[in-house]
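Have a look at the structure below before the remarks.
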Amino acid sequence: MELPPRPELFDFHGVSMITYFTDNWENVQNFQARPDDIVIATYPKAGTTWVSHMLDLLYFGKSSPERGSTMPISERVPFLEFTAPGQPSGQRDATISNGSVEAADKMPSSPRLIKTHLPVQFVPKSFWEQNCRIIYVARNAKDNVVSFFHFDRMNMGQPEPGDWPSFLQRFQEGKMVFGSWYDHVKGWWEKKQTNPKILYLMYEDLAEDRGRELDRVCSFLGLSLTEEERCKVIEGVGFDAMKKNSMTNYSTDKYMDFKISPFMRKGKVGDWKSHFTVSQNEQFDKEYQKKMTHTTLRFRTEI
Ligand SMILES: Nc1ncnc2c1ncn2[C@@H]1O[C@H](COP(=O)(O)OS(=O)(=O)O)[C@@H](OP(=O)(O)O)[C@H]1O
């Protein structure tokens, strides 16, 4: 299959975007949420797939144990604002595998688990009106940008990444798909301060002790598990298990070139140390301090 050329970034209401996430804008904004919908919101590469698979196992692992090994994560947890590359708005094939609003509308399962990378100000208002629960996952900026760089190298549906120094520079300027990491993590953090329906998770905490974070998630969602169920979820969301599982490792995605880099790449905290030079790190830290002065949000870059 011939793939369309890589998309270009453009400014969309103050946020850098590509058309795959703006083509269906009206339908996204008018999306009708249901009160029991659960949203998994993240800046790209912060642990979306990890928490999506965790929630899917939590809700459907018992009733449909085959689901996690037969349905790609993009079908189990549709990506709200996504429209398939190469298919202009209005002519899209609205199957569940394309993600998107239409797929979510048709989902029979309850609760619906819905993925989004939207910054908080772009979230469709129906989610707030319905008082839906939202799990936001954030990852420290250094590991986040490294993961994003490798993703853009291997995903032909993303803009050309260029070389590492220029990618890092553009990350600091917020010229990434879904905009500035700083605005994203801070915007959701502020929203969380007044909205108890938002659980703010950290990738680093998950990496440190996913059992403990699973317990936090269950308590937020009002779920209780038997010890056996709990062990099954913990095992199912391990990095090695998810890397092997073709329903979570994106090996079925035709836009990703695994010869360049796998989707489930390293899954580590601190991998940034093998990418940043000493001077890139110093420069980054300086800008980071400035951009994070007026927030109580704190990240760990190693565990
Ligand atoms: N189970 C588990 N354990 C540890 N790490 C995990 C796990 N699942 C996904 N990952 C890592 O998360 C990174 C992908 O992030 P996302 O799923 O948010 O990507 S996406 O935005 O949906 O494209 C990507 O990070 P990097 O390896 O650093 O590139 C994945 O490897």
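Whatever order the structure lists them in is the order used to number ligands and atoms, beginning at 1.
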* Structure fact -> Gly47 heavy atoms within 4.0 Å reach ligand 1 at atoms 15 (O), 16 (P), 18 (O)
* Structure fact -> Nearest non-hydrogen protein atom to atom 5 (N) of ligand 1, with distance, is Tyr203 OH, 2.7 Å
* To do: Pick whichever of Arg139, Arg210, Gln158, Met264 has a heavy atom sitting closest to atom 25 (O) of ligand 1.
  => Arg139
* **Interfacing atoms of ligand 1 (cut-off 4.0 Å, heavy-atom, Val237)** => 1 (N)
* **Pair Trp50 and Tyr203, ring centroids less than 6.0 Å apart** => yes
* To do: Examine distances only and state if a side-chain atom of Asn144 and a backbone atom of Pro44 form a donor-acceptor pair shorter than 3.5 Å.
  => yes
* Hey, can you tell me if Tyr288 and Trp181 have their rings parallel, tilted or perpendicular (30° and 60° cut-offs)? => tilted
* Would you check if the distance from the ring center of Phe21 to the ring center of Phe178 is below 6.0 Å? => yes
* To do: Taking atom types as modelled, find out whether Asn281 and Lys142 have a side-chain donor-acceptor pair closer than 3.5 angstrom.
  => yes
* To do: Closest by any non-hydrogen atom to atom 26 (P) of ligand 1: pick that one out of Gly238, Ser147, Pro262.
  => Ser147
* Using non-hydrogen atoms of the residue, decide whether Ala46 is closer than 4.0 angstrom to ligand 1. => yes
* Structure fact -> Of Trp50, Phe149, Tyr43, the residue with the heavy atom nearest atom 2 (C) of ligand 1 is Trp50
* Among protein heavy atoms, which lies nearest atom 17 (O) of ligand 1, and at what distance? -> Thr49 OG1, 2.5 Å
